[in-house]
Amino acid sequence: MTKPFQIRLPDGSVREVEPGTTPADIAAAIGPGLAKAALAARVNGELRDLTRPIEGDAELALVTARDEKDALELVRHDYAHVLAEAVQNLFPGTQITFGPATEDGFYYDFAPSPERGPFTDEDLPAIEAEMRRVISQDAPLVREVWTRDEVRAFFEKTGERFKAEWVMELPEHETITMYRSGEWVDLCRGPHLASTGKLDPNAFKLTRVSGAYWRGDQKNAMLSRIYGTGWLNKKQLDSHLVRLEEAAKRDHRRIGAEMDLFHLQSEAQGSVFWHPNGYIVWRALEAYMRRRLDATGYREVRTPQLMDARQWEQSGHWGKYRENMFVVPDEIPSTDDEAPILSGDADLMALKPMNCPAHVLIFRQGIKSYRDLPIRMAEFGCCHRNEPHGALHGIMRVRQFTQDDAHIFCREDQLIDEIREFCDLLDSVYRDLGFDNYAIKLALRPDQRFGSDADWDKAEQILREAVHAAGRDTEDYGWEELPGEGAFYAPKLEFHLRDAIGRTWQVGTIQADTVLPERLDASYVGEDGQRHRPVMLHRAILGTFERFIGILIEHHAGRFPAWLAPVQAVVATIVSDADDYAEEVVRTLRAAGIRAEADLRNEKINYKVREHSLKKVPNLLVIGKREAEERTVALRPLGVDARQEVVSLDAVVARLVAEATPPDLRPN
RNA sequence: GCCGGGUUAGCUCAGCUGGUAGAGCAACCGCCUUGUAAGCGGUAGGUCGUCGGUUCGAGUCCGACACCCGGCACCA
């Protein structure tokens, strides 16, 4: 007989068990409570099925619902599995593909039979019901090791084309496992719970359907994806659903309408109509950014909206980016109703999708010395990109946008410092704007690109080093590298923020580019008297005003900090006798630079409080007979639990002025 | 661009199996001079996204297109 295995438990104790023992056996040996609560096990750190025998001496930790991260991952993966089984029960002929756990749930991608067609929302209740039935069967989930050929033969026989294709691409040495629940079998790496009955039939909900390309490639078949959210118990599910409702209330499109910030309409799809209120936010943000850039050695420029196609050919945009550009014929349209409006053979111009080529053209004016570098050239540049229709999203993803763009022309030996300084500036700006949480990614060379591999090796390495030097390549910053996601001319560091419902958006970026200076022949005279190529750093902090304001709205739920708020104070009267004094208060506030309005309407104070609260006005100054007589105001800051206090006119002006001062202009 | 859903009054939405439109809020008018998140009453407001088809008759059924929403792909 083989000798017993030594199993070390988290409390440090060691148990001797016979070969063939499973984590479930050990849990049972420790106690019936644990046996019942155990969902899976970590064996030498690896998450495994409870019923999979231990193969040797090991560290073992049993995973229960208390280990929430592991437990949720397991449960969600199992829900996906149950979803697939339910769908195949209800719709024979549907092929299965993949179904992973996601951040708050799971999905499964199916290839429905052609007769059946893609799933719709209306299918979901029946599928949910079938999932509950599958769960109630409480079938054990059994892990089986198969050979590649067995799996392929099996799926070819059952008509599972996608699974048969996939198994052949698994790495040679990988152990191929199938999981069986009752009659149903799926190719799956696992691990799974011991049986479907471990799932709470009331802790999941199918949320939506969508299309998704097989293996994420547009060239492949469109599959039908079903999304769900899944939790350990109903209470968690319910609170998640409440969170979703709350998040919907923060939606920038909804708040944009409520606060009268902007609108969109189909005649200018993908372009924003900024209303006076929204444009105040924009201008405050722009003024702030301009001060920050002025203070850190940037010089602002302004470049043409339209440039000749030949210029875009030279920069490389025509070849690699044309499908995203708006092209305009350089021709006076015919006014003759009988004749075609355009001849069709005019020279072409294009609206700029980026500011970089124009900045190189400025750089090229006159001879630059190494002493002139770095040159930090900034532009609040308005760009147009012809985005795919399906990509447009509120003001977060639009076709006309304004970037807080800048290009830093520098020598190679200046790169690391420039990037590090940029990271510091970006960090400081994000904090000023209320974001202390952002993620940094490094997007590496894409398939479609200019420049030699050696250039890319160098550029990628510089960005890595600079982030490391800035101490930001850590888990706190969600640091990761994204192969294939760089721009066509350069790798980029991406800075991401989260929206109300947890989607992340790239805002800031910095890209180290040696290609464009080469293509557009930018050079400087070095210490050695020779011409050298500068490196160009493309960088933005907000990214675009449109997207950034969208995120600001959602992040603050419309309650902008006072310095950004469209209206900073409303003076609301209780009785009309106070009108004159209220108008005086507004005049005084405005003279002090506060964006203040009077509300003298014949309405109850309750009505006015409610209305201005919904408009997220940060300060409500209530004036009744008493305040008018005493030359005070009742200051009621925005917020349900805000206490109001009666203060003198002078005091309220001082307080609001302090609050409305942008963060970079505040004392200390 | 791809898959699914949607488009009815300024906003949010109802309108079953086809018989020329309805609520709440907002707006307007009147009453109320009001004390911290909706005071009361009244009036007006829509060629039901666009175009075409089926039908005696279309908001409702069918088709095309446009836009919006959720994903996918693409991206700031």
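By convention in this document, chain letters (A, B, ...) are assigned in the order of the sequence lines, proteins followed by strands, and residues within each chain are numbered from 1. Basis for what follows: all heavy atoms, side chains included, without hydrogens, waters or symmetry-related copies. Owing to the predicted nature of the structure, the values given are computational and were not obtained by experimental measurement.
With sequence neighbours left out, the side chain to side chain contact (heavy atoms under 4.5 Å, CB included) criterion links A/Glu481 to A/Leu442, A/Leu444, A/Arg464, A/Trp479. Every residue meeting the side chain to side chain donor-acceptor pair (under 3.5 Å) condition with A/His393, not counting sequence neighbours, appears here in chain and number order: A/Arg503. Taking the side chain to side chain donor-acceptor pair (under 3.5 Å) definition, one finds that A/Arg76 meets it with nothing, sequence neighbours left out. Not counting sequence neighbours, the partners of A/Asp513 by the side chain to side chain contact (heavy atoms under 4.5 Å, CB included) test are A/Tyr489, A/Ala490, A/Val515, A/Leu516, A/Pro517, A/Met536, A/His538. Residues that satisfy the side chain to side chain contact (heavy atoms under 4.5 Å, CB included) test with A/Ala129, not counting sequence neighbours, are absent from this structure. A search for side chain to side chain contact (heavy atoms under 4.5 Å, CB included) contacts involving A/Val398 returns A/Val272, A/Phe401, A/Glu546, not counting sequence neighbours.
Residues A/Glu421 and A/Thr296 have side chains that never bring a donor and an acceptor to within less than 3.5 angstrom of each other.
Protein atom CG of A/Leu620 is 12 Å distant from nucleotide atom C1' of B/G35, rounded to whole Å.
Within the structure, every pair that satisfies the salt bridge (Lys or Arg N to Asp or Glu O under 4.0 Å) test and touches residues 429-443 of chain A, not counting sequence neighbours, is listed here: A/Arg292-A/Asp432, A/Asp427-A/Arg431, A/Lys441-A/Glu480. For residues 384-407 of chain A, the salt bridge (Lys or Arg N to Asp or Glu O under 4.0 Å) pairs, not counting sequence neighbours, are A/Glu387-A/Arg397.
Heavy atoms of A/Phe119 sit under 4.0 angstrom from primed sugar atoms or phosphate atoms, though from no base atom. Using a 4.0 Å heavy-atom criterion, one finds that A/Gly211 contacts the bases of the nucleic acid, with or without backbone contacts as well.
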For RNA chain B, what string of dots and brackets results from 5' to 3' when Watson-Crick and G-U pairs need both distances under 3.5 Å, crossing pairs get [ ], and pairs with another strand get |? (((((((..((((.....[..)))).(((((.......))))).....(((((..]....))))))))))))....
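Proximity of residues 433-442 of chain A to RNA chain B (heavy atom under 4.0 angstrom from any strand atom) is not detected for any residue.
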What are the atom names and distances for every N/O pair under 3.5 Å that joins the protein to nucleotides 61-68 of chain B?
| residue | atom | partner | partner atom | Å |
| --- | --- | --- | --- | --- |
| B/C67 | OP1 | A/Gln269 | NE2 | 2.1 |

Detail all sub-3.5 Å separations between protein N/O atoms and N/O atoms belonging to nucleotides 10-16 of chain B.
none

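Candidate nucleotides B/G71, B/G35, B/C72 were compared by shortest atom distance to the side chain of A/Arg208, and B/G71 ranks first.
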